[in-house]
Student: 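Okay, here's the structure, questions in a sec.
Proteins get letters first, then strands, A, B, ... in listed order; numbering begins at 1 in each. As the structure is a computational prediction, the values presented were derived from the model and not from experiment.
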2 protein chains.
Amino acid sequence: MRSYRQWCGLAKALDVVGDRWTLLIVRELLLRGASRYTDLQQGLPGIATNLLADRLRHLESCGVVRREEANPPVATALFSLTPWGEGLRPAMLALGHWAAPMMLKASRQRDTCMGHWLALPLESCLIDRTPSRRAVTLELRTGDDSLLVETSEGGVRVRRGSAAHPDAVIEGPPDLVFGLLVGRTDLAAARAKRLRFEGDVAALRRVQPRAPGARPG
Amino acid sequence: MRSYRQWCGLAKALDVVGDRWTLLIVRELLLRGASRYTDLQQGLPGIATNLLADRLRHLESCGVVRREEANPPVATALFSLTPWGEGLRPAMLALGHWAAPMMLKASRQRDTCMGHWLALPLESCLIDRTPSRRAVTLELRTGDDSLLVETSEGGVRVRRGSAAHPDAVIEGPPDLVFGLLVGRTDLAAARAKRLRFEGDVAALRRVQPRAPGARPG
DNA sequence: CCGCATCCGGGGCGATACTG
DNA sequence: CAGTATCGCCCCGGATGCGG
């Protein structure tokens, strides 16, 4: 990218991650951990392959991404975030949090959706109302993916995976799962729309935020 | 901007503020408050005027920016952030904070610099070590601009302006002022490089962070 | 298959000129 | 002062090719 040539933190950040697709690549690396080129491509529908290669090179040269050849038996390269690259997490959470209202009002019809994309907005929206009690785990199944929501230090951590004995399992289309978790949709109404909920309703109530976020406009 | 068409908070945010120059325009509005077109242009060296117009229209249509004609005697338009637009502040602080190491190592020679740009990284770096004591005010003079740093709720708020009786005044080139405040440069060393410090050194010590931030690479 | 490089058409971007 | 108009260029998007 052309540099803004401004001695300003925000401008410097945008010199590194301001290009189109760049922050979404970082998102994939953050949510997936070390990934192969092809897996990144699959998580970024619509990206041109040369762009992905360009961006990865740029991020590597800036010290955000590390590229390493996997162990000899596996003939593949792995891309992952450096510690400094992981430092982008708060900024990405903040951006996702800011955009949460758009996720609720948006007509999801024309948007592609992958389950693990929910991780960022959920981590910035959900809370732990009773941090002193033992941690609970929710498992989200959105068709293509499986996410774990775990209470942690007054908030929640969200990661891909599944648990042996989650306190509750929520299964359904991503927008319904999201709407239920953030308190936009009632449990009964969600169930009427083919959402499955099994387990402890108290675990759900425990992580739901108190009020919906600010609205645009 | 072309939409990513992903049902993901981060992607939705980038659909709105991911275009080139857009976040920098929001930065100017955040730091300056309601601004005229020309003032924005002057705070964004290098931006093409058609781009500024395009971006402002886009942001207005998205509900981030509000445009209003000033009172009849003044024949000018004013642009300002909507409340939702102001909600971008935490995300911009996080991005600026992430990039702070680049501000220290960067060769500032080729970068243009305006004093009020320091406000974002300072607000995310500085702290108030003794929040129980009465608030203090530092005034920064960087040649083109004057900034006020005020302790507030364990951190600091930074805004343009000057004070009648600040606890300390720091005057000099922006990089020196910044280096001194974040603890990168020693006061004696800074003075040797033509930085002027007047007032209470304790006020400076009170807001300096404990450790420098993480390093890239 | 995996990880790109190359090629090409279209549009976003950068700079200048001009106008109500 | 607050933009619009215009134009060249380069970035981006999409397709294909290609070596390991």
Student: For DNA chain D, which nucleotides open and close the run of contacts to chain A, 5' to 3', at under 4.0 angstrom from a non-hydrogen atom?
Tutor: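 Contacts span D:dC12 to D:dT16, reading 5' to 3'.
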Student: Atom CG of A:Leu78 and atom P of C:dC4: how far apart are they, to the nearest Å?
Tutor: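 Rounded to the whole Å, the gap is 12 Å.
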Student: Under a 4.5 Å cut-off applied to non-hydrogen side-chain atoms, are B:Gln41 and B:Thr49 in contact?
Tutor: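 Yes, their side chains come closer than 4.5 Å.
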Student: So that I can tick it off, tell me whether B:Asp145 and B:Arg160 are bridged by a salt bridge, with the cut-off set at under 4.0 angstrom between side-chain N and carboxylate O.
Tutor: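 A salt bridge is present here (some side-chain N lies under 4.0 Å from a carboxylate O).
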Student: Decide whether A:Arg27 and B:Gln6 meet the rule of one side-chain donor and one side-chain acceptor closer than 3.5 Å.
Tutor: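 A:Arg27 vs B:Gln6: donor-acceptor pair found between side chains.
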Student: In whole Å, I'd like the distance from the CG atom of B:Asn50 to the C1' atom of C:dT16.
Tutor: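 Going from CG in B:Asn50 over to C1' in C:dT16 covers 10 Å.
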Student: I'd like to know if the side chain of B:Arg157 and the backbone of B:Glu123 have a donor-acceptor N/O pair within less than 3.5 Å.
Tutor: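 Not a single qualifying donor-acceptor pair exists.
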Student: What is the distance from CG of A:Leu51 to C1' of C:dC7, rounded to the nearest Å?
Tutor: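 Roughly 14 Å, once rounded to whole Å.
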Student: Provide, to the nearest angstrom, the distance between the CD atom belonging to A:Gln42 and the C1' atom belonging to C:dG3.
Tutor: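 So the CD-C1' distance, A:Gln42 to C:dG3, works out to 16 Å.
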Student: Compute both the distance and the angle, then confirm whether B:Arg20 meets the cation-pi test with A:Tyr4: under 6.0 Å from the six-membered ring centre, within 45 degrees of the axis.
Tutor: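 Here B:Arg20 passes the 6.0 Å and 45° test against A:Tyr4.
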Student: Taking all non-hydrogen atoms of both residues into account, name the closest pair between B:Asp15 and B:His58 and its distance.
Tutor: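 Smallest heavy-atom distance, with atoms named: O-NE2, 3.6 Å.
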Student: Rounded to the nearest Å, what distance is computed from the CD atom of residue A:Gln41 to the P atom of nucleotide C:dC2?
Tutor: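 After rounding, the gap between these two atoms is 10 Å.
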Student: Closest to the B:Arg55 side chain: C:dC13, C:dA17, C:dG3?
Tutor: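 Output: C:dC13.
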Student: When the distance from CZ of A:Arg5 to P of C:dA15 is rounded to whole Å, what number comes out?
Tutor: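 Those two atoms, CZ and P, are 12 Å apart.
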Student: Check whether any side-chain nitrogen or oxygen of A:Thr38 sits under 4.0 Å from OP1 or OP2 of C:dG3, and answer yes or no.
Tutor: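 Yes.
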Student: C:dC13 P sits how many Å from B:Asp54 CG, rounded?
Tutor: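 Taking CG of B:Asp54 and P of C:dC13, I get 8 Å after rounding.
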Student: May I have the distance from A:Leu44 (atom CG) to C:dG3 (atom C1'), rounded to whole angstrom?
Tutor: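 In whole Å, C:dG3 C1' and A:Leu44 CG are 15 Å from each other.
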Student: Hey, can you tell me if A:Trp98 and B:Trp84 have their rings parallel, tilted or perpendicular (30° and 60° cut-offs)?
Tutor: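 If you compare the ring of A:Trp98 with that of B:Trp84, the planes turn out parallel.
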Student: Starting at the 5' end of DNA chain D and moving along, which residue's nearest nucleotide shows up first, B:Arg2 or B:Arg36?
Tutor: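 First, find each residue's nearest nucleotide; the 5'-ward one identifies B:Arg36.
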